[in-house]
Protein chains: 2
Amino acid sequence: MRLTSKGRYAVMALVDLARFDGINPVSLRDISLRQGISLDYLEQIFSKLRKKEIVQSVRGTQGGYILNRKAKEIKLTNIFDAVDEKVKTVQCKKESKKGCNGKSTKCLTHNLWDELETHINNFFDKKSLDDLVKENLERRL
Amino acid sequence: MRLTSKGRYAVMALVDLARFDGINPVSLRDISLRQGISLDYLEQIFSKLRKKEIVQSVRGTQGGYILNRKAKEIKLTNIFDAVDEKVKTVQCKKESKKGCNGKSTKCLTHNLWDELETHINNFFDKKSLDDLVKENLERRL
DNA sequence: TGATACTTGACTATTTTGGTCAGGTTTATA
DNA sequence: TATAAACCTGACCAAAATAGTCAAGTATCA
Ligand code: FES
Ligand code: FES
């Protein structure tokens, strides 16, 4: 069970961006340099973030990206959703009565993984981008 | 972020085994049939569980595996550890001051992933094999 | 009319996963 | 004591997921 770097990068980049929010659009090139993430990869990630209306793009010279909502209203859940970093503990559908890989009943541990998923999602629901920026500022003082 | 089936199978198999614990050794063949897990794969998994002293093997005809500790004392953490299903949110060492892939400092989000890891491990620390067996019995009544 | 920066889609190398396969060894029991 | 059940080990492999790269644009500002 591990976190993929797509999710990690998305959050890193957004925290970076949020720090400058309201001042200028931030270019991916800058984020790439500051955070050490491949520019091409960032583009893929931001394309998804834009489609989910988490960021807005500003084209042309001096362009870049800006947040599309207040940092306080962007939860980790939203970010992870946008880049397809889902928490997947099981394959079987929650609603269906069938088990994994087409079995007729749920397996012995189905309920456990369900609980786990909820437990993790709770964490993501609570944390907002704003929280992260603030925590980061505090640590620097 | 997803759970691998090695971890899932390990827990499934142990719950199955625990239900018969104290009566007979349970053969992997039986578990394989009941739970629909490849026998060869189960052998790999149980080899690890044995090395970490979670189960004991009984060789020969009528052999199989038995729990090596009380079900109450086997936490999910122990099981996951044994089969190398670790919760990995970051690459960088917790203790080291260096960041991921050799960067000189920790990244903006390091602390966040650390919290997440703790949050997940809390869940695994609380659940014991015994809990799972009981929950399962209740649901059948 | 550059230069900057976003946009898109296809492609690819590496790693991880989820196994299989072959060939053992041990031991109860018929 | 033979034999079959069951554990034991290590090598091997195909498919999927990951973590990108590459190429060829388009929009906008100075
Ligand atoms: S049936 Fe849902 S996890 Fe096995
Ligand atoms: S430095 Fe530890 S997560 Fe980035």
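The figures that follow rest on heavy atoms only: side chains count, while hydrogens, waters and symmetry mates do not. Chain letters run A, B, ... following the sequence lines, proteins first and then strands; every chain starts at 1.
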remark   = Picking from dC7(D), dA4(D), dG18(C), the nucleotide nearest the side-chain atoms of Thr61(B) would be dA4(D)
query = For Ser57(A) and dT7(C), is the shortest distance between a side-chain N/O and OP1 or OP2 below 4.0 Å?
reply = yes
key: Nucleotide dT20(C), atom C1' - distance to CD1 of Ile37(B) in whole Å   = 16 Å
ask   = dT17(C) C1' sits how many Å from Gln91(A) CD, rounded?
value = 12 Å
note = Heavy-atom nearest nucleotide on DNA chain D taken for Asp30(B) and for Ser47(B); more 5' hit belongs to Asp30(B)
query = Under 3.5 Å, side chain of Asp16(A) to main-chain N/O of Ile31(A), donor-acceptor pair present?
reply = no
key: Lys48(B) NZ to dC8(D) C1', straight-line distance once rounded to whole Å   = 14 Å
message = Looking at dT21(D), I'd like to know if its phosphate oxygens (OP1 or OP2) sit under 4.0 Å from a side-chain N or O belonging to Ser38(A).
response = yes
message = What I want to find out is whether Lys52(A) reaches Asp81(A) closely enough, with some N-O distance under 4.0 Å, to be called a salt bridge.
response = no
inquiry  = Need one value for Arg2(B): base, sugar-phosphate or nothing, where a base atom within 4.0 Å counts as base even if backbone is also close, heavy atoms only.
reply    = sugar-phosphate
key: Tyr9(B) vs dG19(C): side-chain N/O to OP1/OP2 distance below 4.0 Å   = yes
Nearest-Å distance for atom pair NZ/C1', residues Lys88(B) and dT17(C) = 14 Å
task = Return yes if the base of dT7(C) and the side-chain atoms of Gln44(A) contain a donor-acceptor N/O pair under 3.5 Å, otherwise no.
result = no
ask   = Hey, does Ile79(A) have a side-chain heavy atom less than 4.5 Å from the side chain of Phe124(A)?
value = no
ask   = When the distance from CZ of Phe46(A) to P of dT7(C) is rounded to whole Å, what number comes out?
value = 11 Å
query = Does Asp130(B) come within less than 4.0 Å of Lys70(B), counting only side-chain N to carboxylate O?
reply = no
inquiry  = Main chain of Thr4(A), side chain of Glu85(A): is a donor-acceptor contact present, judged purely on distance under 3.5 Å?
reply    = yes
request  = Remember a base hit wins even if backbone is also touched, and classify Tyr65(B) as base, sugar-phosphate or nothing at under 4.0 Å, heavy atoms.
outcome  = sugar-phosphate
remark   = Closest to the 5' end of DNA chain C, once Met1(A) and Leu28(A) are matched to their nearest nucleotides, is Leu28(A)
request  = Output yes when at least one side-chain N/O atom of Arg50(B) is less than 4.0 Å from OP1 or OP2 of dA6(D), else no.
outcome  = no
key: Interatomic distance, Asp40(B) CG vs dA11(D) C1' [rounded to whole Å]   = 13 Å
Pair of N/O donor and acceptor under 3.5 Å linking dT25(C) base with Arg59(B) side chain = yes
request  = For Gly60(B) and for Lys51(B), find the nucleotide of DNA chain D with the closest heavy atom, then tell me which residue's nucleotide is more 5'.
outcome  = Gly60(B)
message = Looking at Lys75(A), is its backbone amide N or carbonyl O close enough to the side chain of Asn78(A) to form a donor-acceptor pair, meaning the two atoms are under 3.5 Å apart?
response = yes
key: Nearest-Å distance for atom pair CD/C1', residues Gln56(A) and dA27(D)   = 16 Å
ask   = Reckon Thr4(A) has a side-chain N or O less than 4.0 Å from the OP1 or OP2 of dA17(D)?
value = no
query = What's the CD-P distance between Glu43(A) and dC22(D), to the nearest Å?
reply = 13 Å
